[in-house]
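Down below is the structure, laid out as structure tokens.
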Amino acid sequence: QVKIVESGGGLVQPGESLRLSCVASGIRFELYDIEWYRQAPGNERELVAKITANRKMSYMDSVKDRFSISRDNAENSAYLQMSDLKPEDTAVYYCNVHFVRGSSDFWGQGTQVTVST
């Protein structure tokens, strides 16, 4: 019923940019918070950025000057614009669509971001 589809990952060189997309279906998207997580091999999954239903945004300190999260409720979509990418940004990035009142989470399949020469 609920589907979360991520896209936009790829292989880039340091200093380049990518835009990740998260498209949801089967929910009233505007009622949900959107979170972007990432997980590198051997590391724990970490919260990168968040945008709430009322459009409050927050970022992990190491990305706050380079990444920007946004949402388009009319298109049931959220985005993570990543600039000045660094090798340490290499990870699988996941979109989590979260409904606080019901403690519900809907995860995408993840999209691979690789930053390397």
Checklist line | Distance under 6.0 Å and angle within 45° of ring axis: Arg19 vs Tyr79 | finding: yes
Notebook entry, point to check: Tell me, do Arg66 and Lys86 make a side-chain contact under 4.5 Å, heavy atoms counted?
Noted result: yes
Identify the heavy atoms of [X] and [Y] that sit nearest to each other, and give their distance.
X: Ala78; Y: Trp36; result: O-CZ2, 4.2 Å
X: Cys22; Y: Ile4; result: SG-CG2, 3.6 Å
X: Ala91; Y: Ala40; result: CB-N, 3.8 Å
X: Val48; Y: Phe67; result: CG1-CD2, 3.7 Å
X: Leu85; Y: Leu18; result: CD1-N, 3.9 Å
X: Val92; Y: Gln112; result: CG2-OE1, 3.2 Å

Measure the [atom1]-[atom2] distance between [X] and [Y] for me, rounded to the nearest 0.5 Å.
X: Asp72; Y: Glu30; atom1: CG; atom2: CD; value: 11.5 Å
X: Cys95; Y: Glu6; atom1: SG; atom2: CD; value: 5.5 Å
X: Arg55; Y: Ile69; atom1: CZ; atom2: CD1; value: 13.0 Å

Notebook entry, point to check: Parallel under 30°, tilted from 30 to 60°, perpendicular over 60°: which one fits the rings of Trp107 and Tyr94?
Noted result: perpendicular
Does [X] share a hydrophobic cluster with [Y], counting links as ILVMFWY side-chain heavy atoms below 4.5 Å and allowing steps through other members?
X: Ile34; Y: Phe106; answer: yes
X: Leu31; Y: Met57; answer: yes
X: Phe29; Y: Val2; answer: yes
X: Tyr93; Y: Val12; answer: yes

Notebook entry, point to check: What's the verdict on side chain to side chain contact (heavy atoms under 4.5 Å, CB included) for Gln39 and Glu44, showing C-alpha distance, side-chain angles and the deciding distance?
Noted result: CA-CA 6 Å; Gln39 186 168 24; Glu44 295 183 351; 5.5 Å; no
Check: Considering residues at least two apart in sequence or located in another chain, which fulfil the ring pair (Phe, Tyr, Trp, His ring centres under 6.0 Å) criterion with Tyr32?
Finding: Phe99
State whether a side-chain donor-acceptor pair under 3.5 Å links [X] with [Y].
X: Glu88; Y: Thr90; value: no
X: Asp33; Y: His98; value: no
X: Asn96; Y: Glu35; value: yes

Next item on the list: Can you spot which of Val63, Leu80, Leu20 makes a side chain to side chain contact (heavy atoms under 4.5 Å, CB included) with Arg38?
Entry: Val63
Margin query: So does Glu75 get a backbone contact from the side chain of Ser77, meaning a donor-acceptor N/O pair under 3.5 Å?
Written below: yes
Notebook entry, point to check: If only atom types and distance count, is the side chain of Glu16 paired as donor or acceptor with the main-chain N or O of Gln13 below 3.5 Å?
Noted result: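 Yes; judged by distance alone, with no hydrogens or angles, the pair exists.
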Next item on the list: Answer yes or no: are there more than 12 heavy-atom neighbours, outside Arg45 itself, under 6.0 Å from its atom CZ?
Entry: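 Buried by this count: over 12 neighbours within 6.0 Å.
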Notebook entry, point to check: Do Ser17 and Met82 pass the side chain to side chain contact (heavy atoms under 4.5 Å, CB included) test, and can you show the C-alpha distance, the side-chain angles, and the key distance before you say yes or no?
Noted result: CA-CA 5 Å; Ser17 300; Met82 305 184 295; over 6 Å; no
